Amino acid sequence: MRRMIEESEPFALTGIVVAEVLQGLKRDAGVIERFLAQWDMLEPRDLTPTAARPRFTALDEEKV
């Protein structure tokens, strides 16, 4: 992730990744949280047992 940020590569995060990063911090969690908020956050749209593969959508997209 550090390399991607340094090289300005596009990427998105998932809520679980952000939660794991923030849980591992001993200080400055608010600063890091605001920093990570710059990128798109993806969350699963369908995790039912019948779903063949979870589909992800950006949180700011309109829910269909």
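This one's a predicted model, so the numbers in the text were calculated from it and none came from an experiment.
Linking ILVMFWY side-chain heavy atoms closer than 4.5 Å, directly or via other members, places Ile5 and Val31 in two distinct hydrophobic clusters.
Here the CG atom belonging to Leu42 is positioned 8.0 Å from the CG atom belonging to Leu13, to the nearest 0.5 angstrom.
For the pair Met41 and Thr14, the tightest heavy-atom approach, listed with the atom from each and the gap, is SD-C, 3.5 Å. Summarising the geometry of Leu22 relative to Ala29, their closest heavy-atom pair is CD2-O, 3.7 Å, with the distance given to 0.1 Å.
Between the side chain of Gln38 and the backbone N or O of Phe35 there is at least one donor-acceptor pair closer than 3.5 Å.
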